[in-house]
Novice: 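The structure is given below, and queries will be raised subsequently.
Order of appearance sets the numbers: ligands from 1, and atoms from 1 within every ligand. Just so you know, residue 1 is the first one in the sequence shown, and it goes up from there.
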Amino acid sequence: MKNDKVIIFDTTLRDGEQTPGASLSANEKLKIAFQLEKLGVDVIEAGFPRTSPGDLEAVGMVAEHVKKPIICGLARATKKDIDDAAHALKKAKRRRVHIFLATSAIHRKYKLRKAKDEILTAAVSAIKYAKRKFSDIEFSPEDASRTELDFLARVTETVIKAGATTVNIPDTVGYSVPEEFANVITYLKEKVSNIDKAVISVHCHNDLGLAVSNSLAAVSHGARQVECTINGLGERAGNASLEEIVMGLKTRKDIFGTLKTNIKTKQLYKTSRLVSRLSGILVQPNKAIIGENAFSHEAGIHQDGILKRRDTYEIIRPEDVGFKGTKLVLGKLSGSHAFSERLKKLGYFLEKEELDQAFGRFKALADKKSKIFDEDLAAIVEDELATVREEYKLIDFEVISGNKINPLASVKLTKEKKTVTATANGDGPVDACFKTIDKAIGLKGKLIDYKVSAVTSGKDALGEASVKIKFGKDIAIGRASSTDVIEASVLAYVNAVNRHALRKKSKIKRQKSYK
Ligand code: KIV
Ligand code: ZN
């Protein structure tokens with residue numbers, strides 16, 4: 001029987017979270033998982049339970065509440081890792097364990113110090129152990145694309161025989177090129193006698209910018225599962241981007257024929273925004289499919305062509321990925337009903353408490369800004385969703401600045417009902433505020449990135465600030481919006497401080513439970 005279905009395995013919550021600077025709380029992971037379910041992904045890799053109690057909890061929460069997709073947990077080829085995955089996934093309706101073990105010569109020699117036979121034995125015993133707890137078992141020979149082909153085929157045949165139901169071929173370091181990677185799939189299909197007993201999956205990293213091309217080449221040659229992330233998040237240069245793979249398959253039916261996914265592409269833009277907001281990792285404007293510029297046409301010739309016939313310069317309709325034009329929606333007099341109805345139309349379903357908070361912010365915004373657009377509403381809601389448990393809360397701040405004085409700021413924050421205040425100078429008003437926050441909380445943050453952008457146009461536009469701050473070895477990201485860019489910057493800084501505080505706490509918990 002012809003199998004045209006390409007399984008979309010989303011690893012935003014696991015490999016995506018390994019993006020430098022990105023870190024998600026269990027609640028944030030759950031919010032993203034709900035949206036991934038709406039998007040229609042088949043498998044959600046929710047985390048790596050053995051790595052920390054935080055990840056174990058997050059995988060458990062996703063497993064308990066997200067029912068349509070298969071929920072997967074990553075594990076090394078050890079009993080403890082498999083036990084933790086089974087524990088985290090016990091409430092899942094459908095669950096999978098994903099076991100990985102490196103197979104390439106360089107990993108065997110330097111990382112694992114194991115011979116080929118020892119690798120085979122470890123893989124088989126892990127799968128046999130996992131079979132006691134799981135019926136759905138995925139195995140990844142890590143660094144597969146740099147593994148000798150004959151050994152890779154031997155590993156694949158052996159793990160399928162032991163009980164693996166999916167064999168995933170990772171291009172762990174993003175080294176492969178499309179023709180070569182497609183040949184690996186062809187080789188395995190030819191040489192592995194039991195290959196039809198398992199799904200062939202691929203997992204490509206983007207170190208050479210080829211993750212999506214390699215994934216699509218593999219699918220053309222028989223792979224039927226693709227591992228990918230929203231916005232291409234992931235280790236180093238990231239993983240293959242889900243939105244690019246899905247829209248590639250959909251747009252080029254002339255090449256990919258009847259291959260299809262379950263993805264509801266109209267949900268792509270919203271999913272991308274949510275992941276960006278919660279992970280704190282901005283999407284580059286020229287990012288394919290969901291970047292802000294993906295559908296804007298600057299050149300006059302292009303604009304003229306689009307007006308005459310859209311597909312002269314547009315291969316994807318913006319609405320197909322959920323891109324909506326700027327729309328004036330609400331104003332100062334709009335009530336909470338109109339507000340919540342509009343949010344529902346935009347696809348945001350908030351809990352009562354979140355809705356009340358968001359409505360309060362909307363009213364405050366409407367006092368300052370005459371026209372409120374869908375983008376403003378999205379920024380308000382996403383701010384609410386991005387709120388981490390607040391160890392520090394901003395009460396107020398003041399800043400005096402000018403071109404002839406040394407800027408001076410003062411802030412008042414609360415920490416568990418105690419008020420902390422400080423005053424400090426800085427090179428500019430924002431720098432003065434950041435230094436003052438550091439002084440108040442007794443930490444020294446190093447600002448490594450700072451951006452402010454307008455959510456919509458106009459002098460009264462909402463400004464969105466994002467900061468990346470290094471506290472010792474930890475990098476924390478913070479984001480916030482306000483019509484006042486200094487306030488947005490201060491709130492973004494406090495948001496980063498809270499993320500850092502939360503992580504520090506979970507590390508302490510982890511050290512306690514693993515000592
Ligand atoms: O890149 C990789 O090899 C991985 C494995 C755990 C599948 O992420
Ligand atoms: Zn990976």
Novice: Do E148 and R108 sit within salt-bridge range, that is, some charged N less than 4.0 Å from a carboxylate O?
Specialist: yes
Novice: Can you tell me which residue among E142, E227, E138 is in a side-chain hydrogen bond (donor to acceptor under 3.5 Å, both in side chains) with H203?
Specialist: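 Per the side-chain hydrogen bond (donor to acceptor under 3.5 Å, both in side chains) rule, the option paired with H203 is E227, out of E142, E227, E138.
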Novice: Can E464 and R277 be counted as an ion pair, charged N to O under 4.0 angstrom?
Specialist: yes
Novice: Given N239, which of T11, D15, D10 fulfils the side-chain hydrogen bond (donor to acceptor under 3.5 Å, both in side chains) condition?
Specialist: D15
Novice: Less than 6.0 angstrom from the centroid, inside 45 degrees of the normal: does R76 satisfy that with respect to the ring of F100?
Specialist: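 No - R76 does not lie over the ring of F100 by the 6.0 Å and 45° rule.
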Novice: For the Zn ion (ligand 2), state how many protein N, O or S atoms fall inside a distance shorter than 2.8 Å.
Specialist: 3
Novice: Of all residues at least two apart in sequence or in a different chain, which pass the ring pair (Phe, Tyr, Trp, His ring centres under 6.0 Å) check with F471?
Specialist: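 So F471 forms a ring pair (Phe, Tyr, Trp, His ring centres under 6.0 Å) with H500.
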Novice: Look at the side chain of E314 and the backbone N and O of D311, then say whether any donor-acceptor pair between them is shorter than 3.5 Å.
Specialist: no
Novice: Under 3.5 Å, is there a donor-acceptor pair between the D83 and Y129 side chains?
Specialist: yes
Novice: Listing request: all salt bridge (charged side-chain N to carboxylate O under 4.0 Å, His left out) pairs with a residue in residues 247-261, at least two apart in sequence or in separate chains.
Specialist: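 Residue pairs with at least one partner in residues 247-261: R252-D254.
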Novice: Please tabulate protein-ligand N/O pairs under 3.5 Å for ligand 1, atom names and distances to 0.1 Å.
Specialist:
residue: ligand 1; atom: 1 (O); partner: H203; partner atom: NE2; Å: 3.1
residue: ligand 1; atom: 1 (O); partner: H205; partner atom: NE2; Å: 3.0
residue: ligand 1; atom: 3 (O); partner: T172; partner atom: OG1; Å: 2.6
residue: ligand 1; atom: 8 (O); partner: R14; partner atom: NH1; Å: 3.4
residue: ligand 1; atom: 8 (O); partner: R14; partner atom: NH2; Å: 3.0
residue: ligand 1; atom: 8 (O); partner: D15; partner atom: OD2; Å: 3.1
residue: ligand 1; atom: 8 (O); partner: H203; partner atom: NE2; Å: 3.1

